[in-house]
Each structure stands twice: as structure tokens, then as C-alpha cells.
Amino acid sequence: MKAYLCKYIPPRADFLTTMTADEAKWMKQHGAFLDDLLAQGIVVAHGPVMDPSGGYGVSLYQIADDENIEAITSEDPIVKNGAGHYEHYPMRHLAARG
């Protein structure tokens with residue numbers, strides 16, 4: 001198994017407070033996408049980070065050795081619609097409750 005910290009970088013620093021109607025729709029789809037991966041055990045945790053200099057999202061993934069993290073996150077509706085991108089950081093180990 002491989003583990004990653006994935007950081008969702010929105011298209012602008014004030015994105016969370018200035019989303020258009022389309023972006024808000026895509027963000028709902030983004031949340032549902034991550035919740036589905038959480039239910040499948042692929043995502044261990046996810047949520048928004050309220051950084052005063054600009055919010056972003058964080059998700060922790062645990063995937064099979066033959067899976068590609070970029071391929072998974074590229075399917076996120078917010079990314080597919082061009083509203084931001086992910087940075088991927090491999091982790092040596094991921095321990096979680098449960």
C-alpha cells in the first residue's frame with residue numbers, strides 16, 4: 001500500500017468566499033467524490049483548511065501499489081472542470097484509528 005497527503009489548490013486565494021454558482025456546484029460534487037472514496041477506504045480523511053492567506057483542501061489517501069494517485073485525483077469533478085489542481089506528497093507510513 002502507498003499513502004499520500006494530497007493538497008487541493010483552488011484557482012484563487014479567496015476561492016472559498018468568491019465561488020461562482022458553477023464552482024459551488026463542482027465543490028458539492030468534489031465533496032461527494034471524496035466521501036465516496038472515503039466509503040471505499042481509499043481516502044482516510046479529508047476536509048478544508050481555513051488558512052487566513054487562502055484556504056485549500058487536504059485529503060489522505062491509502063492506495064494499492066499498482067494505483068496512480070494522479071489518475072485518481074484527476075477524476076475529481078472540481079479538477080475535471082478546471083477549478084484548481086492537486087499537489088501530491090508521498091508518505092512513508094499512514095496510521096489511522098479504526
Side-chain angles (χ1 to χ4, degrees):
M1 297 294 279
K2 300 183 291 190
Y4 291 89
L5 180 146
C6 295
K7 183 177 179 182
Y8 164 71
I9 308 297
R12 56 191 177 276
D14 62 351
F15 178 71
L16 294 177
T17 58
T18 64
M19 280 186 269
T20 66
D22 281 341
E23 289 169 336
K25 177 180 73 171
W26 301 331
M27 280 301 284
K28 278 190 160 216
Q29 294 169 352
H30 161 76
F33 172 80
L34 290 174
D35 285 344
D36 182 54
L37 293 178
L38 185 68
Q40 293 178 50
I42 296 168
V43 166
V44 176
H46 72 87
V49 177
M50 306 312 290
D51 185 332
S53 63
Y56 55 90
V58 169
S59 48
L60 297 173
Y61 283 75
Q62 193 163 39
I63 62 174
D65 288 335
D66 63 345
E67 290 184 290
N68 181 296
I69 192 64
E70 291 88 357
I72 295 169
T73 59
S74 71
E75 292 300 314
D76 189 325
I78 199 81
V79 173
K80 286 176 94 169
N81 284 287
H85 67 279
Y86 278 95
E87 293 176 351
H88 307 93
Y89 300 97
M91 300 173 68
R92 286 185 179 214
H93 174 71
L94 178 60
R97 282 188 278 175

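Given the structure is predicted, the values throughout are model-derived calculations rather than measurements. Throughout, numbering of the chain's residues begins at 1 and tracks the sequence.
Distance check, rounded to the nearest 0.5 Å: CG of D65 to CE of M1 gives 8.0 Å. With values rounded to the nearest 0.5 angstrom, Y4 atom OH is found 13.5 Å from I42 atom CD1. For the atom pair F33 CZ and E75 CD, the distance stands at 7.0 Å (nearest 0.5 Å). Note that NE2 of H46 and CG of L38 are 5.5 Å apart. Values are rounded to the nearest 0.5 Å. Separation of atoms OG (S74) and NZ (K80) is listed at 7.5 Å; rounding is to 0.5 Å.
Contact detail for Q62 and V44: the closest heavy-atom pair is CB-CG2, 4.1 Å. Minimum heavy-atom separation, E67 to I63: OE1-CB, 3.4 Å. Closest approach of P10 to G55, counting heavy atoms only: CG-O, 3.2 Å. Of all heavy-atom pairs spanning L94 and A3, the tightest one is CB-CB, 3.6 Å. In plain terms, the two heavy atoms of C6 and H88 that are nearest each other are SG-CD2, 3.6 Å. Residue A13 comes nearest to S53 through the heavy atom pair CB-O, 3.9 Å, listed as atom of the first residue, atom of the second, then distance.
Between L16 and M50 there is a side-chain heavy-atom pair separated by less than 4.5 Å. In this structure, Q29 and I78 have side chains that are not in contact, with every pair of non-hydrogen atoms separated by 4.5 Å or more. With contacts defined as side-chain heavy-atom distances shorter than 4.5 Å, the pair K2/I69 does not qualify.
Note on M19: it clusters hydrophobically with V79, by side-chain heavy-atom contacts below 4.5 Å among ILVMFWY residues. L60 is not connected to L37 by any chain of hydrophobic side-chain contacts under 4.5 Å among Ile, Leu, Val, Met, Phe, Trp and Tyr, and they are in different clusters. Using a 4.5 Å cut-off between side-chain heavy atoms of Ile, Leu, Val, Met, Phe, Trp and Tyr, with links allowed through other members, V49 and M91 fall into the same hydrophobic cluster.
Within the 3.5 Å criterion, the main-chain N or O of Y89 finds no donor-acceptor partner in the side chain of K7. With N81 contributing its side chain and A83 its backbone, the two residues share no donor-acceptor pair below 3.5 Å.
In terms of the ring pair (Phe, Tyr, Trp, His ring centres under 6.0 Å) criterion, residue partners of H30 (sequence neighbours excluded) are, by chain and number, Y8.
Between the side chains of D22 and T20, no donor-acceptor pair of N or O atoms lies under 3.5 Å.
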